[in-house]
J.: 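This is the structure, below, for whatever I ask next.
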Amino acid sequence: MAGRKTKRGTSGNAVNYVTRNQALKRLQLHLGEFRRLCILKGIHPREPNKKTQGQKTYYHVKDLSFLAHEPLVAKLREQHAYEKKVRKAKAKRNAELAAALATRRPTYTLDRLVKERYPSFMDALRDLDDPLTLTHLFAVLPAEGAHGIPAAQVAMARRLALEWQAFVVRSHSLRKVFVSVKGFFFQAEVMGQSVTWLVPHQLPQVLPNDVDYRVMLTFLEFYQTMLRFVHFRLYHMLGATYPPRVDPKLEAAAAGITAIMTDLAAAGPTKPVASALAQLPALRQLAPKPVAAVDEADAPAEAAAPAGDAPSAQGGSSDSKEEEEDALSIDSGSGSDSDDDEAAEVDSASGDEAGGVRPDTEEAPASSRPEAGEDAAAVVEAAPADTAAGGAVGVAHNDDDAICATLFNGLVFFLGREVPREQLLLVIRSFGGVVAWEGDGSPVDEADESITHQVVDRPTQGHKFLSRTYVQPQWVVDSANFRVLADAGRYVPGATLPPHLSPFAGDGPDGEDHVPDYQLELQRLQEAAKAARERAAGAPDAAFLRDQADADAAEEAPPADAEQPAAASKEAAYLAELHSELQAAGEAVAEAPAVASPAAAPTEEDALVADMLLPRKKRKLYASVVKAQAAKRTRAETLKARAAVAAAEQK
C-alpha cells in the first residue's frame, strides 16, 4: 500500500522560508522599520537551496518568530504612530503642538540587545573590527541634514574614537600600522585578541548620493552602545573612570586624544602596576649593569655613556617590567620621567643619529672591542645595534609587549603642521615616546633642546636644529612595525622613500611570497637589535650558544650504528639476506635497492596516489589550493625577475 502523497507547498523550503513581503505582513511593520529591527537584532536574509517563489529575498521562519517576540517591535510601532501625530500637527500649522510632541517622542535603549548578542566580553572583543571602523568613519564625516546625518551622532562617534585611541595608548597595545590609499590600518592586541580597524584620511569628504545613510546610521546606533559597554570594561581594568573627563581647553584646540589622556594620566595606576612601582627601588638595586656600560681601565667614561641609557630595572621580572613601563609612559604624557630626560640629554649631547652611532665621533665600548679570534664584523655592528634597539635595549628580546611599550622611550618627537598629527600621536605614544606640536596642549616648544626627532613632510625646511634628526612620517611607522629604529638616513626630508612594507602580509613557506630587499635589510637590523638587547640583559652571545650546543651534541652523539632507525636496519638486513640467498640459488638478481630514508621527499607517484585516495570534494579543494600556491610562486618569481632587471638598469 503506497503512502499518502505530500501536498505541494506544505513542507520543505516552501514552509521554512518566506519572502520579505510575507515577513512584513506577518510582523505588521513597514520596510524601514523591519530593516532597522533586523540590523539591531542581527538577523540576515537566507539563501534557500531551492527558491520556491523566484528570485526574491528570503528569511527563515524561526528568525521571524524570534523577531515577533522582541519588545522593540512595540516601540517601533509606537514611534510610527507618534510620527503621525507630529505630521498631523504640522499639517494643521500648529507649531506649538508639533514642538511639544517632538520633545515627548518615545525612546528606547539597546543595552539588552548588546547583552543578548554578546553574552561574554570576549565575544564583543572578537567582533570589534567593524564597530571601530564605522565609528572612525563617521568621526570624520560632516553632519549634513540633506543626508540625514545628525550632528549628535558625529560628535558621539568622535568621542568614542578618541576614547578607544586613549585606551590603546594607555595600555601600549598597538602592534601594527599600515598607511594605504584608504587610510590608516591599525591593529591592537587586547586581552589576547587582535583588533583591526581603519581610520580614514582627514580630508574633505564628498558624500555620494547613492548610499543609504539610514542603514549606516542604524548600524552606528548599535555599535555606539556596544562600544560604550566595551570601553567601560576596559577603562575599569586600567583603574580609570569612565567616561573620562575631557579638558575643554584642549578639546577646543583640537588636541585629539591629549584632551582625554590628561584625565587618564591623573588616574592612579592599577593594583598590579602599583605593586610593581613599590618594588621598583629594590629591583634597581638588584639589577645587574649592562655589559656595554661596565667601566674598564682602558675605556673612557664617554664611551660607556650611550650604553647607560638602557633601563636599570632589567633584572626584575618581565611582568613587573611591563607594568612599570605602562604606568610611567602614560603618566609622562606631557613630559618624560627622569630616566627619559637623562636619556634625551645624553642623545642630544652626543649627537647620535637615529640610524646608528657615528664611528667618527664616538668610540665603541671596551666590552665590545674585538679580542684574538673574535669576529670583527659583529663587533662593528654592536654600536649601531644598540641605537637600533631604541629605548627597549634593556628589555628581553622575546618580550614583544615590553618592546612595544619602550621602543621610543627617551625620544621626543616634534610633529610638523603638514603631517597627520592624530595618527602619529597614537603610534608614538603607544610605543613610549613623547609628542610635541605647534599649538595649545604641546608639552614643549619647537625650540626645546630635548627634542630628538622632528617629523616633517616638506622637502625644504626654513630653519634646522643641528641637535635633532629630521625624518619623514614613514620612519615612525616602519620603526614601530619592525620594533627597531630604522636608518634615519633613508627617510630624510626630500629623499626618495624606501617601499612601505605591510606588516599584515606574512612570508609564505618555501619562498612563495616575494620578500623585498628592504624587508631583508630591516630583518637584519632586527637581528642586530635582538643581539644588543641580549647583551644589555647580560645574556651570552648567540654564537657562543651555538658553539656550546654543537659541542654538547658532539659529546652526547651515539655511535653511527645506533643512529639508524630500527625499522630501516631490519629492512636492510632482510634485503641483504634475500640477495645472498638468490645469488646462491644461481638466479640473476639485480643489485639490492637502497633503503629510502624516512625523511625522503615524496615523489610524483606518491603524490598521485595520495590524490587518488582523496574523495571528490576534497580532491577539488586540494587541486584549487595547489593551483593557488603555484600562481603565488609564479608571481614571486616574476617580481624577483623585475627587481633584478631594475637593479641592473640602475647600475
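Fair warning: this is a prediction, and the values are worked out from it, not measured in the lab. What you see below is based on every heavy atom in this structure, not just the backbone, and it leaves out hydrogens, waters and symmetry mates.
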J.: Report the residues that fulfil ring pair (Phe, Tyr, Trp, His ring centres under 6.0 Å) with Phe66, sequence neighbours left out, ordered by chain and then residue number.
T.: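 Phe66: no ring pair (Phe, Tyr, Trp, His ring centres under 6.0 Å) contacts found.
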J.: Do Gln79 and Lys75 meet the criterion of a side-chain donor-acceptor pair at a distance under 3.5 Å?
T.: no
J.: With distance as the sole criterion, is a donor-acceptor pair present between the side chains of Asp123 and Ser120 under 3.5 Å?
T.: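 There is such a pair (donor and acceptor under 3.5 Å, judged by atom type) between the side chains of Asp123 and Ser120.
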J.: Assess the pair Phe186 and Phe178: is the distance between their ring centroids shorter than 6.0 Å?
T.: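 No.
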J.: Tell me if the centroids of the rings in Tyr59 and Phe34 come within less than 6.0 Å of each other.
T.: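 Aromatic pair counts; centres sit under 6.0 Å.
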J.: If you measure from the Lys or Arg side-chain nitrogens to the Asp or Glu carboxylate oxygens, is any gap between Asp400 and Arg175 under 4.0 Å?
T.: yes
J.: Taking the ring of Tyr242 and the ring of Tyr235, is the distance between their centroids below 6.0 Å?
T.: yes
J.: For the pair Arg77 and Glu33, evaluate salt bridge (charged side-chain N to carboxylate O under 4.0 Å, His left out) and give the outcome as yes or no after the intermediate values.
T.: CA-CA 9 Å; Arg77 292 170 181 166; Glu33 297 169 349; over 6 Å; no
J.: Any non-hydrogen side-chain atom of Tyr118 less than 4.5 Å from a side-chain atom of Met226?
T.: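 Of all side-chain heavy-atom pairs linking Met226 with Tyr118, at least one is under 4.5 Å.
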J.: Between Arg158 and Glu422, is the closest basic N to carboxylate O distance under 4.0 Å?
T.: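 Salt bridge: yes.
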J.: As a quick check of understanding, evaluate side-chain contact (heavy atoms from CB on, under 4.5 Å) for Leu29 and His80, giving each step before the final call.
T.: CA-CA 9 Å; Leu29 293 174; His80 182 72; over 6 Å; no
J.: Taking the ring centre of each residue, are Phe232 and His236 less than 6.0 Å apart?
T.: yes
J.: Could you check if a side-chain atom of Phe138 sits within less than 4.5 angstrom of a side-chain atom of Leu217, using non-hydrogen atoms only?
T.: yes
J.: Search all heavy atoms of Pro443 against all heavy atoms of Val434 and return the closest pair with its distance.
T.: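 Where Pro443 meets Val434 most closely, the heavy atoms are CG-CG1, 4.3 Å.
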J.: Run the numbers on Ser194 and Glu189 for side chain to side chain donor-acceptor pair (under 3.5 Å), then give the verdict.
T.: CA-CA 5 Å; Ser194 297; Glu189 186 175 349; 5.6 Å; no
J.: Roughly how far apart are Leu137 CG and Leu141 CG, rounded to 0.5 Å?
T.: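 Reported to 0.5 Å precision, the distance equals 4.5 Å.
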J.: Report yes or no: do His500 and Asp478 form a side-chain donor-acceptor pair below 3.5 Å?
T.: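 There is such a pair between these side chains.
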J.: How about Leu128 and Leu227: do any of their side-chain heavy atoms sit closer than 4.5 Å?
T.: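 A side-chain contact exists here, since the closest heavy-atom pair is under 4.5 Å.
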J.: Can you check whether Leu113 reaches Leu72 side chain to side chain, under 4.5 Å on heavy atoms?
T.: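 Leu113 vs Leu72: side chains touch.
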J.: Is any side-chain heavy atom of Leu234 less than 4.5 Å from a side-chain heavy atom of Phe121?
T.: yes
J.: Between Arg117 and Asp127 (salt bridge meaning N to carboxylate O under 4.0 Å), is one present in this structure?
T.: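 Here Arg117 does not pair with Asp127 in a salt bridge, since their nearest N and O are not under 4.0 Å apart.
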J.: Would you say that Leu415 contacts Ile428 through its side chain, given a criterion of any heavy-atom pair below 4.5 Å between the two side chains?
T.: yes
J.: Does His60 form a ring-ring contact (aromatic ring centres under 6.0 Å, His included) with Tyr17? I'd like the steps, not just the answer.
T.: CA-CA 5 Å; His60 203 280; Tyr17 297 93; 5.1 Å; yes
